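Here is the structure we will look at, set down as structure tokens.
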Number of protein chains: 2
Amino acid sequence: MIESNVSDVNDSRAPTKDRILDAAEALFSERGFEATSLRTITAAAEVNLAAVNYHFHSKDDLIRAVFARRIGPLNQKRLESLKACLDAAGDGPVALENVIRAFVEPVLLLRRDPQGAAVGRLFGRTYADPSGAARRTFFDLMKEVGRPFTEAFRRALPGLNQVDLLWKMHFSIGVMAHTLAGAEHLTVISGGLCDLADVEGTLDRIVAYIAAGMRATPAKLNRS
Amino acid sequence: MIESNVSDVNDSRAPTKDRILDAAEALFSERGFEATSLRTITAAAEVNLAAVNYHFHSKDDLIRAVFARRIGPLNQKRLESLKACLDAAGDGPVALENVIRAFVEPVLLLRRDPQGAAVGRLFGRTYADPSGAARRTFFDLMKEVGRPFTEAFRRALPGLNQVDLLWKMHFSIGVMAHTLAGAEHLTVISGGLCDLADVEGTLDRIVAYIAAGMRATPAKLNRS
DNA sequence: GTCTATAGGGGGATAGAC
DNA sequence: GTCTATCCCCCTATAGAC
């Protein structure tokens, strides 16, 4: 009630830096990196244009910062869940579904709030986005989860060779990325019957689909 | 004798219009729509800048033309293959793997030549791309295959309800799109062990993965 | 730290000669 | 149909006042 500022709107203003990150995140996820100008970002954040060059050096560095802020905590959750399911397995077999869930659940849970949904879309889109800065940053930050999860999948699918495993992980990442990036499209097509806001239901569906795919055996791998 | 830095559009004198389409296709697939300027395209095509505005009205119309040229023939092949496998089934059950193959094979076969690979990447990327012109054109042109394939899947998976089917088709499109758009990434990660140039092998793998996923039953009870 | 103002470069699109 | 030349817009980044 003390706040009586000059101009309009909701002024218990977060730090400028965070306002820029929030706006950039939302706009990048909606329009892509190239199509989003710094002017649009600073207008949405209601900060000055020059602020983005003061707090971040350049647009590329802003893109990097947007990813860095989110991926760290996300991957920490994934690794914690993975550790939990490996501990539960002990020396016995690792449950495939649990490994998949450990990887998918944290990023799908983002969908619970609108800002998180933007993050999800952004990640999903980045897998297919050619933008240099985004791609490099994203994959650099994803390396830390790549190795332990590959190892966990190997334990959950004993007897599967390396090449088969990599292909299946690739397919599985596609399922996740496309679900994150293009889910509103599905909502429209289905006339609202398929709703990504139902996180638990979506999670059950996606885990079941991926698990079955990873267990599948290609029928005829050597054709004439 | 100016060397283009992207792909040689070296048909010694193909029509200007086609040279522009070829160059645009390759560049869009590598860098995205927003990041590719008309100047870059006309330089690669070794034609004049103004030619693109003469043959196509605008950049958006050029994007639409790039898609229109490829999607028509592609969908025709898909529908022919689908008809063949429905005819083979007669009144009996439809083989799920054949329906999947009818949809995936034509687009995967594009990978056999470099220009086709660009088309594949372009399609894969478009599923996640926010660009307005590309997205609308692409989905408009895909509508003609959407209905018959949905119907075929319903026949191949009797007893599956509409919502489950739509989710599974959504996941499956993700597998295909990601394979098309991000396969060279897999090639790098695997140290060349996974090679998308092996079209037949990739096709067997992807069909097996998707078929298993579509047959999967979500186990909604095992959440902790 | 935050603003105004502007530099400096590309971008899409068009006019008009040939 | 194809070229040159150009208009006018929007972009990123920076300089310098407050």
Side-chain angles (χ1 to χ4, degrees), chain A residues 3 5-28 30-66 129-134 136-137, chain B residues 1-2 4-6 9 11-28 30-67 129-134 136-137:
Chain A
E3 294 274 330
N5 217 334
V6 201
S7 56
D8 45 275
V9 284
N10 46 358
D11 293 25
S12 50
R13 293 176 67 94
T16 298
K17 199 169 173 177
D18 292 330
R19 295 176 65 86
I20 293 172
L21 285 172
D22 288 344
E25 189 170 80
L27 286 163
F28 285 153
E30 278 180 21
R31 313 182 187 181
F33 301 103
E34 309 279 352
T36 305
S37 71
L38 296 183
R39 281 175 167 77
T40 310
I41 292 169
T42 53
E46 294 174 36
V47 301
N48 189 270
L49 172 61
V52 71
N53 288 96
Y54 174 78
H55 288 285
F56 315 89
H57 290 170
S58 63
K59 185 177 180 178
D60 271 8
D61 282 350
L62 171 61
I63 292 174
R64 273 184 275 273
V66 166
D129 196 300
S131 168
R136 252 178 293 117
T137 305
Chain B
M1 303 312 157
I2 298 168
S4 159
N5 53 345
V6 173
V9 187
D11 314 16
S12 43
R13 227 343 93 167
T16 299
K17 200 169 174 178
D18 292 329
R19 295 175 65 85
I20 293 171
L21 285 173
D22 288 344
E25 190 171 78
L27 286 162
F28 286 153
E30 278 183 21
R31 314 183 187 181
F33 301 103
E34 308 280 352
T36 305
S37 70
L38 295 184
R39 282 171 168 81
T40 309
I41 292 169
T42 54
E46 295 173 36
V47 301
N48 189 270
L49 172 60
V52 71
N53 287 96
Y54 174 77
H55 289 285
F56 315 88
H57 291 171
S58 63
K59 185 177 180 179
D60 271 8
D61 282 350
L62 171 60
I63 292 174
R64 273 184 275 272
V66 165
F67 279 101
D129 196 300
S131 168
R136 252 177 294 116
T137 305

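Keep in mind it's a predicted model, so treat the numbers as computed, not measured. Here is the naming used below: chain letters follow the sequence lines, and residue numbers restart at 1 for every chain.
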How long is the line joining CG of B/Asp61 and C1' of C/dG12, in whole Å? 13 Å
May I have the distance from A/Asn53 (atom CG) to C/dT4 (atom P), rounded to whole angstrom? 15 Å
Whole-Å distance separating the CD atom of A/Glu34 from the P atom of C/dG12: 12 Å
Between B/Ala14 and B/Arg19, which heavy-atom pair has the shortest distance, and what is it? O-CD, 3.2 Å
Measure from CG on B/Asn48 to P on D/dA5 and round the result to the nearest Å. 11 Å
Thinking salt bridges, do B/Asp61 and B/Arg64 make one under a 4.0 Å N-O criterion? yes
Rounding to an integer number of Å, can you tell me how far B/Phe56 CZ sits from C/dG12 P? 15 Å
Write down the distance between CZ (B/Arg39) and C1' (C/dG12), rounded to a whole number of angstrom. 7 Å
Using whole Å, what does the distance between atom C1' of nucleotide C/dA13 and atom CD1 of B/Ile20 come to? 14 Å
The single option from A/Leu27, A/Leu62, A/Asp129, A/Val66 that satisfies side-chain contact (heavy atoms from CB on, under 4.5 Å) with A/Phe33 is A/Asp129
Where the side chain of A/Lys59 is concerned, which of D/dA13, C/dT2, D/dT2 is the nearest nucleotide? D/dA13
OP1 or OP2 of D/dC10 versus the side-chain N and O atoms of A/Ser37: is any pair under 4.0 Å? no
Of all the nucleotides listed (C/dG1, C/dG11, D/dA13), which has the minimum atom distance to the side chain of A/Leu49? D/dA13
On DNA chain D, nearest-nucleotide positions of A/His57 versus A/Thr40: which is more 5'? A/Thr40
Remember a base hit wins even if backbone is also touched, and classify A/Ala50 as base, sugar-phosphate or nothing at under 4.0 Å, heavy atoms. base
Please figure out whether B/Thr16 or A/Leu38 has its closest DNA chain D nucleotide nearer the 5' end. B/Thr16
